[in-house]
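Here's the structure, in structure tokens; my notes come after.
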Amino acid sequence: MTKTKRIAIFASGSGSNAQRIIEHFNENKEAEVAIILSNRPDAFVLERADNHEIPTHVFDREEFYRTDRIVTLLQNLQIDLVVLAGFLWLIPQNLLEAFPRRIINIHPALLPKYGGKGMYGDFVHRAVMDAGETESGITIHYVNEVYDSGDIIYQAHFKIEPDDNLDMIRYKAQQLEHLHYPRIIQKLVAGSGQ
Ligand code: GAR
């Protein structure tokens, strides 16, 4: 039998994507969420992790950017794939080098449009709405040293109707994220050969 692949999730907020990923791999035993990391001690994602008895680690800027502690932690846990799910800090070089092409992110728009520093969550949806776009979507991509610019793995689109408000646009994006992120992660860990 092949080894169960191990996923680490970084999240700063509510963690609805993290939750979907946890649930997905409770059903599909090819992979498991081994740890959830957050830069915010009050992030709701940590409560979700506790509810599923998943270990958590909270860190600050000093630990993330000036030490190798997170890299060592992930290596000790034998992590196969690092998944960003609503995590907003740039990934430091030591982590990128330790997990080449094994760190992915989800973004709630069709990159390269509406990406970059400060473009997250409702800032993205509002920019899409204000620009009068008739469609938007989600992007799953590899992470590199520049915000939202790594190679694209998968995109899904949705239509924006003339009377769609911010809530509707957010809802449509979230539905697509929840549907596709766990599925794409499963494909990636299946192909990682580790
Ligand atoms: C998601 O919509 C994700 O695409 C977005 O944060 C949300 C997190 O929601 N990420 C970004 O905007 C990154 N630039 P969640 O905490 O409910 O999973």
Side-chain angles (χ1 to χ4, degrees), residues 7-26 31 33 35-52 54 56-59 61 64 81-92 95-96 103-131 133 135-158 160 164-186 188:
I7 297 165
I9 299 179
F10 283 73
S12 310
S14 156
S16 71
N17 278 283
Q19 169 103 26
R20 295 284 297 130
I21 296 162
I22 294 165
E23 285 166 359
H24 181 88
F25 290 107
N26 280 343
V33 178
I35 187 166
I36 295 192
L37 302 99
S38 184
N39 57 309
R40 294 192 46 176
D42 59 346
F44 185 59
V45 69
L46 296 171
E47 219 171 296
R48 296 187 196 260
D50 283 350
N51 291 340
H52 290 270
I54 294 171
T56 58
H57 179 72
V58 176
F59 55 88
R61 282 194 168 273
F64 197 50
L81 187 71
V82 175
V83 170
L84 312 187
F87 182 70
L88 306 179
W89 289 0
L90 210 55
I91 299 300
L95 200 47
L96 291 172
I103 309 178
I104 64 169
N105 180 42
I106 193 160
H107 186 79
L110 294 171
L111 292 175
K113 291 170 93 174
Y114 305 106
K117 189 169 164 57
M119 286 301 264
Y120 60 91
D122 279 358
F123 291 107
V124 176
H125 302 310
R126 190 170 293 284
V128 167
M129 197 173 75
D130 289 350
E133 297 281 1
E135 71 159 14
S136 188
I138 60 156
T139 304
I140 298 168
H141 64 95
Y142 289 108
V143 170
N144 64 16
E145 57 285 335
V146 181
Y147 277 113
D148 300 327
S149 69
D151 289 348
I152 290 173
I153 301 165
Y154 182 80
Q155 290 188 309
H157 301 232
F158 63 85
I160 299 175
D164 278 355
N165 59 16
L166 189 69
D167 288 343
M168 200 59 205
I169 294 172
R170 184 196 310 109
Y171 174 77
K172 287 179 176 179
Q174 196 177 52
Q175 292 296 103
L176 285 183
E177 292 189 334
H178 292 175
L179 183 65
H180 294 293
Y181 210 12
R183 189 177 70 71
I184 296 296
I185 291 167
Q186 185 171 347
L188 290 173

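Atoms within a ligand are numbered from 1 in the order they appear, just like the ligands themselves.
The line from CG of Leu84 to CD1 of Ile91 is 4.5 Å long, rounded to the nearest 0.5 Å. Between the CG atom in Asn17 and the CD1 atom in Ile138 there is a gap of 8.5 Å [rounded to 0.5 Å].
In summary, of the residues considered (Arg183, Gln186, Gln19), a side-chain hydrogen bond (donor to acceptor under 3.5 Å, both in side chains) with His24 occurs for Gln186 alone.
Between the side chains of Thr56 and Asp50, no donor-acceptor pair is found at a separation under 3.5 Å. Using modelled atom types and a 3.5 Å distance limit, the side chains of Arg48 and Ser14 yield a donor-acceptor pair.
Taking the six-membered ring where tryptophan is involved, the planes of Trp89 and Phe59 are perpendicular, since the angle between them exceeds 60° and thus also 30°.
A heavy-atom cutoff of 4.0 Å around ligand 1 is satisfied by the protein residues Ser14, Gly15, Ser16, Asn17, Gly86, Ile106, His107, Pro108, Met119, Tyr120, Gly121, Glu177.
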